[in-house]
Amino acid sequence: MAFFIASLARTVQKMDEMQKRICLESAFIAFLLTLTLTFVFAGLDRAGVYRATWDDVGTSMLFFWACAYIFSSWRYR
């Protein structure tokens, strides 16, 4: 995981300004959506309705990032 983070940081540093903006904006959008989903899962768990696993959150986070990246790329083309 440490090598992945180092490689990701190096890749972002090599990007031009527009690519950095798209990448960071999509990560921010995915973070907010994942945070919201985590709060929803926590509320459902406290209510005893549904208990989500960490796989549900991780899979959703990757899906949110992919959608946000596509949206940000489309927005700045």
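Keep in mind that what you see is a predicted model, and the values were worked out from it rather than measured. Side chains are part of it too, since the values below use all heavy atoms of this structure and drop only hydrogens, waters and symmetry mates.
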Output side-chain donor-acceptor pairs under 3.5 Å for residues 5-17, partner residues at least two apart or in another chain, one line each.
from	atom 1	to	atom 2	distance (Å)
Thr11	OG1	Ser7	O	2.8
Asp16	OD1	Gln19	N	2.9

Handout entry: Ser26 to Ser72 - nearest heavy-atom pair and separation
Key = N-OG, 4.0 Å
Problem - Residues forming a side chain to side chain donor-acceptor pair (under 3.5 Å) with Thr34, sequence neighbours excluded - result: none
Completion exercise
Residues at least two apart in sequence or cross-chain that pass side chain to side chain donor-acceptor pair (under 3.5 Å) with Arg46, listed by chain then number, are none
Practice task
For Ser60, check side chain to side chain donor-acceptor pair (under 3.5 Å) against everything at least two apart and list the hits.
Solution key: none
Completion exercise
Here the ring-ring contact (aromatic ring centres under 6.0 Å, His included) pairs for residues 1-47, sequence neighbours left out, are Phe41-Tyr50
Exercise for the section: Answer with yes or no whether the hydrophobic clustering places Tyr76 together with Leu24; edges join I, L, V, M, F, W, Y residues whose side-chain heavy atoms lie under 4.5 Å apart. Expected result: no
Practice task
Quick one: which residue pairs count as a salt bridge (Lys or Arg N to Asp or Glu O under 4.0 Å) with a foot in residues 18-34, not counting sequence neighbours?
Solution key: Glu25-Arg75
Practice task
For Thr59, enumerate each residue passing the side-chain contact (heavy atoms from CB on, under 4.5 Å) test, keeping only those at least two apart in sequence or located in another chain.
Solution key: none
Practice task
Identify which one of Trp65, Phe71, Phe63 satisfies the side chain to side chain contact (heavy atoms under 4.5 Å, CB included) criterion when paired with Cys67.
Solution key: Phe63
Problem - Transitive ILVMFWY side-chain link Ile29 to Met18, under 4.5 Å - result: no
Problem - Partners passing side-chain contact (heavy atoms from CB on, under 4.5 Å) against Ser73 (at least two apart in sequence or in another chain) - result: Ile22, Tyr69
Practice task
Using the test side-chain contact (heavy atoms from CB on, under 4.5 Å), find all partners of Thr53 that sit at least two apart in sequence or belong to another chain.
Solution key: Asp55, Asp56
Problem - Phe64 and Leu37, any side-chain heavy atoms less than 4.5 Å apart - result: yes
Fill in the blank from the handout: Residue set satisfying side-chain contact (heavy atoms from CB on, under 4.5 Å) with Arg77, at least two apart, ordered chain then number -> Trp74
